[in-house]
Amino acid sequence: MPLTRTTNADFDIRHTSPDDAHLVVRYMQKLGVYQKMADKITATEPQIKRLLSDGLGEAIFGIYKGEIVGFAYFCEKSSAFTGRSGLYIDGFFVDDQVRNLGFGKIIMAYLCKLALGRKCEVLEWGVLDWNAP
């Protein structure tokens with residue numbers, strides 16, 4: 001998959017393919033550990049591969065100096081209550097060793113632009129109440 005240049009010359013974004021399912025599972029597991037909910041991450045590589053293959057979910061990787069250091073998993077959503085469509089971020093994680101370098105903000109800005117480009121009206125993401133960072 002091609003890389004998308006960002007505002008940081010050393011940081012790129014790459015959309016996943018179904019062949020990246022194992023990496024998506026690995027990053028979901030990292031997120032589970034961070035959230036103190038590792039036992040709740042039960043997705044398997046074949047399940048994630050199916051979601052990615054069938055267009056039911058998407059993921060992007062943040063790549064710093066050639067190494068994957070973060071990711072976001074998201075899907076399209078709509079609401080019959082509001083009549084609006086959007087993207088829902090189901091998983092978002094940046095590795096500890098590169099936190100506070102602004103990569104999370106870059107990934108989020110990319111997702112905002114992606115949502116706007118798809119004519120979405122909502123970008124939704126929820127975090128645990130204790131997760132101030």
Side-chain angles (χ1 to χ4, degrees):
M1 301 295 281
L3 298 177
T4 299
R5 287 274 160 215
T6 68
T7 56
N8 182 314
D10 293 324
F11 188 77
D12 299 304
I13 291 179
R14 178 174 70 82
H15 283 256
T16 62
S17 75
D19 293 334
D20 293 314
H22 67 289
L23 295 170
V24 173
V25 169
R26 183 181 321 153
Y27 266 85
M28 284 303 297
Q29 291 168 340
K30 288 182 177 190
L31 176 60
V33 169
Y34 177 79
Q35 293 180 329
K36 302 173 182 79
M37 300 171 54
D39 60 322
K40 303 291 188 221
I41 308 299
T42 61
T44 64
E45 182 178 337
Q47 290 172 318
I48 296 298
K49 187 169 191 160
R50 180 185 62 80
L51 293 174
L52 295 172
S53 294
D54 293 349
L56 299 171
E58 300 176 66
I60 57 173
F61 291 125
I63 300 172
Y64 179 58
K65 295 183 177 179
E67 298 294 323
I68 296 173
V69 296
F71 98 117
Y73 180 89
F74 57 97
C75 59
E76 292 190 14
K77 64 171 270 174
S78 64
S79 171
F81 283 92
T82 65
R84 299 186 320 172
S85 65
L87 295 180
Y88 174 73
I89 302 170
D90 188 51
F92 190 99
F93 184 80
V94 176
D95 287 331
D96 291 344
Q97 71 270 19
V98 295
R99 278 209 196 116
N100 300 313
L101 296 179
F103 299 150
K105 289 179 185 177
I106 293 171
I107 292 171
M108 189 62 72
Y110 180 84
L111 290 171
C112 289
K113 287 179 187 175
L114 183 67
L116 288 172
R118 293 182 182 184
K119 308 235 185 298
C120 295
E121 300 160 285
V122 176
L123 179 62
E124 184 178 346
W125 178 42
V127 298
L128 300 172
D129 59 359
W130 59 264
N131 188 356

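Sequence positions, counted from 1, serve as the residue numbers for this chain. All heavy atoms count here, side chains included; hydrogens, waters and symmetry mates do not.
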Are [Y] and [X] co-members of a hydrophobic cluster defined by side-chain heavy atoms under 4.5 Å apart?
| X | Y | result |
| --- | --- | --- |
| I41 | Y88 | no |
| I13 | W125 | yes |
| I48 | L56 | yes |
| V122 | L114 | no |

Tell me, do [X] and [Y] make a side-chain contact under 4.5 Å, heavy atoms counted?
| X | Y | answer |
| --- | --- | --- |
| M108 | L123 | yes |
| R118 | E76 | yes |
| L23 | T16 | no |

Notebook entry, point to check: Is the shortest distance from a Lys or Arg side-chain nitrogen in D19 or K49 to a carboxylate oxygen in the other one below 4.0 Å?
Noted result: yes
Item checked: D54, CG: over 12 other non-hydrogen atoms inside 6.0 angstrom -> yes
Note to self: How about CD on E67, more than 12 heavy atoms from neighbouring residues, nucleotides or ligands closer than 6.0 Å, or not?
What the structure shows: no
Gap between atom [atom2] of [Y] and atom [atom1] of [X] - 0.5 Å precision:
| X | Y | atom1 | atom2 | value |
| --- | --- | --- | --- | --- |
| E121 | L87 | CD | CG | 11.5 Å |
| D96 | K30 | CG | NZ | 8.5 Å |
| K65 | D12 | NZ | CG | 12.5 Å |
| I89 | K77 | CD1 | NZ | 11.5 Å |
| K40 | M28 | NZ | CE | 13.5 Å |

Which heavy atom of [X] sits nearest a heavy atom of [Y], and at what distance?
| X | Y | answer |
| --- | --- | --- |
| C75 | G57 | CB-CA, 4.3 Å |
| L52 | E58 | CD2-CA, 3.9 Å |
| I107 | A72 | CG2-CB, 4.1 Å |
| V25 | A43 | CG1-O, 3.9 Å |

Next item on the list: Check step by step if side chain to side chain contact (heavy atoms under 4.5 Å, CB included) holds for R14 and D20.
Entry: CA-CA 11 Å; R14 178 174 70 82; D20 293 314; 2.8 Å; yes
Next item on the list: Could you go through the side chain to side chain contact (heavy atoms under 4.5 Å, CB included) check for L111 and I60 one step at a time?
Entry: CA-CA 9 Å; L111 290 171; I60 57 173; 3.8 Å; yes
Check: Pairs in or reaching into residues 41-74: which pass ring pair (Phe, Tyr, Trp, His ring centres under 6.0 Å), with residues at least two apart or in two chains?
Finding: Y27-F71, Y64-F103
Check: R84 side chain to S79 main-chain N or O, any donor-acceptor pair under 3.5 Å?
Finding: no
